[in-house]
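Accompanying notes for the structure given below.
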Amino acid sequence: MCIIAFLFVGLNVGLALSRTTWIVLIGVYITIASLVPVWILLQPRDYLSSFLLYAMMAVAVIGIFFSAFAGTATFELPAFTGWSTSIGTLFPALFITVACGACSGFHSLIATGTTSKQLSSEADAKPIGYGSMLIESALALIALIAVGMVFTKYTNGEFGSPAVAFSSGIALMFGAEESSVYNTVYALLTLAVSVFALTSLDTGTRLSRFMFTELFLKEGEASWRDATGIRKFLAYPLTGTLIMVVIGCVLGGLSLSQIWGLFGAANQLLAGLALLAVAAWLGNIGRNNKMFYIPMAFMLIATLTSLVMTVYNKIVLIGAGGAAWGDWFQLIFAAAMVVLAVILAIEGIQTLSSQAKAKKQQA
């Protein structure tokens with residue numbers, strides 16, 4: 001009822017706030033959400049938001065079938081038949097673009113950092129994890145169809161963000177542009193997409209705080225209380241949270257196109273490292289881990305290839321004198337991720353190799 005009431009007020013009254021104001025408000029919210037216990041804010045908000053997200057998907061599916069049978073659908077997205085894309089060659093571009101419904105590093109953090117702590121039984125992990133991947137895959141198909149409805153406008157730069165293109169594409173399935181039905185569906189879908197993004201922000205901030213704290217804890221120290229000196233201050237939850245929020249807010253005020261170029265490679269690189277970590281853990285407890293070798297190697301090769309190509313392209317662009325600040329940003333962070341990933345991969349391979357040798361000696 002509250003969602004319907006706010007939607008009605010928004011469509012008829014509205015609330016005009018600047019981008020900076022929204023960034024500050026969201027920054028305050030994710031700071032609080034990442035610090036308080038999960039059951040107080042994050043869990044109930046995610047639970048309530050799930051109804052809106054499922055409703056959005058249901059509306060989208062109804063719109064797709066309605067427009068298809070009514071003959072009003074205009075799918076403009078052309079079939080891809082080449083090797084080169086706007087973001088590079090088909091390999092590795094395809095495998096750093098398709099993420100959440102197939103293999104996602106961010107989801108590995110969510111699964112270990114928050115989801116696993118909310119399960120009543122370990123047996124629930126499989127249907128929840130696999131079910132979420134199926135839902136993400138369905139959402140990916142819906143998004144593809146939605147963008148296909150407005151592909152010409154999208155490529156012409158008529159939409160401020162992919163989320164706007166998604167909402168507009170689905171809304172067009174229900175009515176002509178700027179009609180009352182179009183505006184209502186468009187507002188509802190935009191709200192749902194915003195809620196979907198917000199769930200990632202508060203959870204992502206919480207997980208960033210966990211990892212930032214762990215950087216300053218020595219082996220055997222369970223929490224920031226066990227640390228001493230400057231390490232205790234840096235490991236303090238509020239310290240890590242504020243640093244992550246400030247970085248996020250600064251990036252939020254910059255151009256999305258300048259920083260988005262690294263998201264796919266960074267996310268999928270994390271997926272490869274997650275597979276490596278799980279393989280090492282299974283080997284350490286004496287369980288079979290060979291099923292992880294091929295997907296782990298493939299994800300690491302694909303993402304490192306993409307990052308190396310990014311470094312090369314940015315160096316060429318900077319050398320030609322046509323670089324913006326975002327190109328320097330991508331160059332520095334891409335190079336750093338390559339170096340750190342190679343170090344972790346070498347350590348992981350050495351660990352797997354020593355485990356294999358130990359197992360062979362025992363046999």
Side-chain angles (χ1 to χ4, degrees), residues 19-20 23 26-27 30 34 84-89 91-99 103-109 161-162 197 200-201 204-216 230-231 234-235 239-277 299-348:
R19 180 188 178 101
T20 302
I23 290 175
I26 292 174
I30 61 177
S34 66
S84 298
T85 73
S86 60
I87 58 174
T89 53
F91 178 89
L94 176 63
F95 304 99
I96 64 167
T97 302
V98 178
C103 186
S104 171
F106 184 70
H107 282 192
S108 70
L109 294 180
S161 68
S200 300
L201 286 176
T205 305
R206 191 180 194 88
L207 296 173
S208 297
R209 189 248 294 177
F210 290 165
M211 291 183 286
F212 188 85
T213 296
E214 290 174 355
L215 287 174
F216 304 100
I230 187 64
R231 291 192 302 107
L234 293 173
T239 303
T241 298
L242 290 178
I243 291 175
M244 295 299 106
V245 170
V246 169
I247 293 174
C249 288
V250 170
L251 292 176
L254 302 175
S255 172
L256 177 65
S257 61
Q258 297 292 342
I259 62 177
W260 189 253
L262 284 181
F263 172 79
N267 182 54
Q268 299 308 82
L269 175 61
L270 183 58
L273 294 175
L275 292 170
L276 176 60
M299 294 304 298
L300 289 176
I301 292 172
T303 51
L304 288 175
T305 301
S306 175
L307 288 170
V308 170
M309 291 172 63
T310 298
V311 170
Y312 173 79
N313 293 333
K314 296 308 175 184
I315 290 176
V316 171
L317 185 61
I318 291 172
W325 72 265
D327 298 304
W328 284 97
F329 173 89
Q330 292 187 34
L331 171 62
I332 294 171
F333 277 85
M337 282 191 289
V338 169
V339 173
L340 294 174
V342 169
I343 293 174
L344 286 174
I346 292 174
E347 291 184 358

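Evaluation of the side-chain contact (heavy atoms from CB on, under 4.5 Å) rule for M244 yields S208, F212, I247 as partners, not counting sequence neighbours. Residues passing the side-chain contact (heavy atoms from CB on, under 4.5 Å) test with A277, sequence neighbours excluded: none. F106 meets the ring-ring contact (aromatic ring centres under 6.0 Å, His included) test with no other residue; sequence neighbours excluded. For the ring-ring contact (aromatic ring centres under 6.0 Å, His included) test, residues two or more places apart in sequence or in another chain that qualify with F263 are W260. Under the side-chain contact (heavy atoms from CB on, under 4.5 Å) criterion, S34 pairs with T205, R206, T241, sequence neighbours left out. Residues meeting the side-chain contact (heavy atoms from CB on, under 4.5 Å) test with A274, sequence neighbours left out: S108.
In terms of heavy-atom proximity, V245 sits nearest to G27 at CG1-O, 3.7 Å. Across A93 and T89, no two heavy atoms sit closer than the pair CB-O, 3.0 Å. Across all non-hydrogen atoms, the minimal contact from A302 to I96 is O-CG2, 4.4 Å. Closest approach of A341 to L304, counting heavy atoms only: CB-CD2, 3.8 Å. Closest of all the heavy-atom pairs between A345 and L276 is CA-CD2, 3.9 Å. Heavy-atom minimum distance, L307 versus A265: CD2-CB, 3.7 Å.
A distance of 11.5 Å separates OG of S306 from CG of L94, quoted to the nearest 0.5 Å. The CZ atom of R209 sits 12.5 Å away from the CD1 atom of I30 when rounded to the nearest 0.5 Å. Between the CG atom in L270 and the CG atom in L109 there is a gap of 4.5 Å [rounded to 0.5 Å]. Note: T303 OG1 to L273 CG = 7.5 Å, rounded to the nearest 0.5 Å. Atom-to-atom distance recorded for L234:CG and L215:CG is 9.5 Å, nearest 0.5 angstrom.
For residues 329-338, no pair satisfies salt bridge (Lys or Arg N to Asp or Glu O under 4.0 Å), with sequence neighbours left out. Within the structure, the salt bridge (Lys or Arg N to Asp or Glu O under 4.0 Å) test picks out no pair touching residues 241-253 (sequence neighbours left out).
Inter-residue side-chain proximity for F91 and I301 is flagged as met; some heavy-atom pair is nearer than 4.5 Å. The closest side-chain heavy-atom distance from F329 to L251 is below 4.5 Å. Residues S104 and N267 form a side-chain contact, since some pair of their non-hydrogen atoms from C-beta on lies under 4.5 Å apart.
Side chain of Q268 to main chain of M299: no donor-acceptor pair is present (N/O by atom type, distance under 3.5 Å, no hydrogens or angles).
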Which pairs would a plain distance check flag for residues 311-327, meaning a side-chain donor or acceptor within less than 3.5 Å of a matching protein atom at least two apart in sequence or in another chain?
residue: N313; atom: ND2; partner: M309; partner atom: O; Å: 3.1
residue: K314; atom: NZ; partner: D327; partner atom: OD1; Å: 2.9
residue: D327; atom: OD2; partner: A324; partner atom: N; Å: 2.7

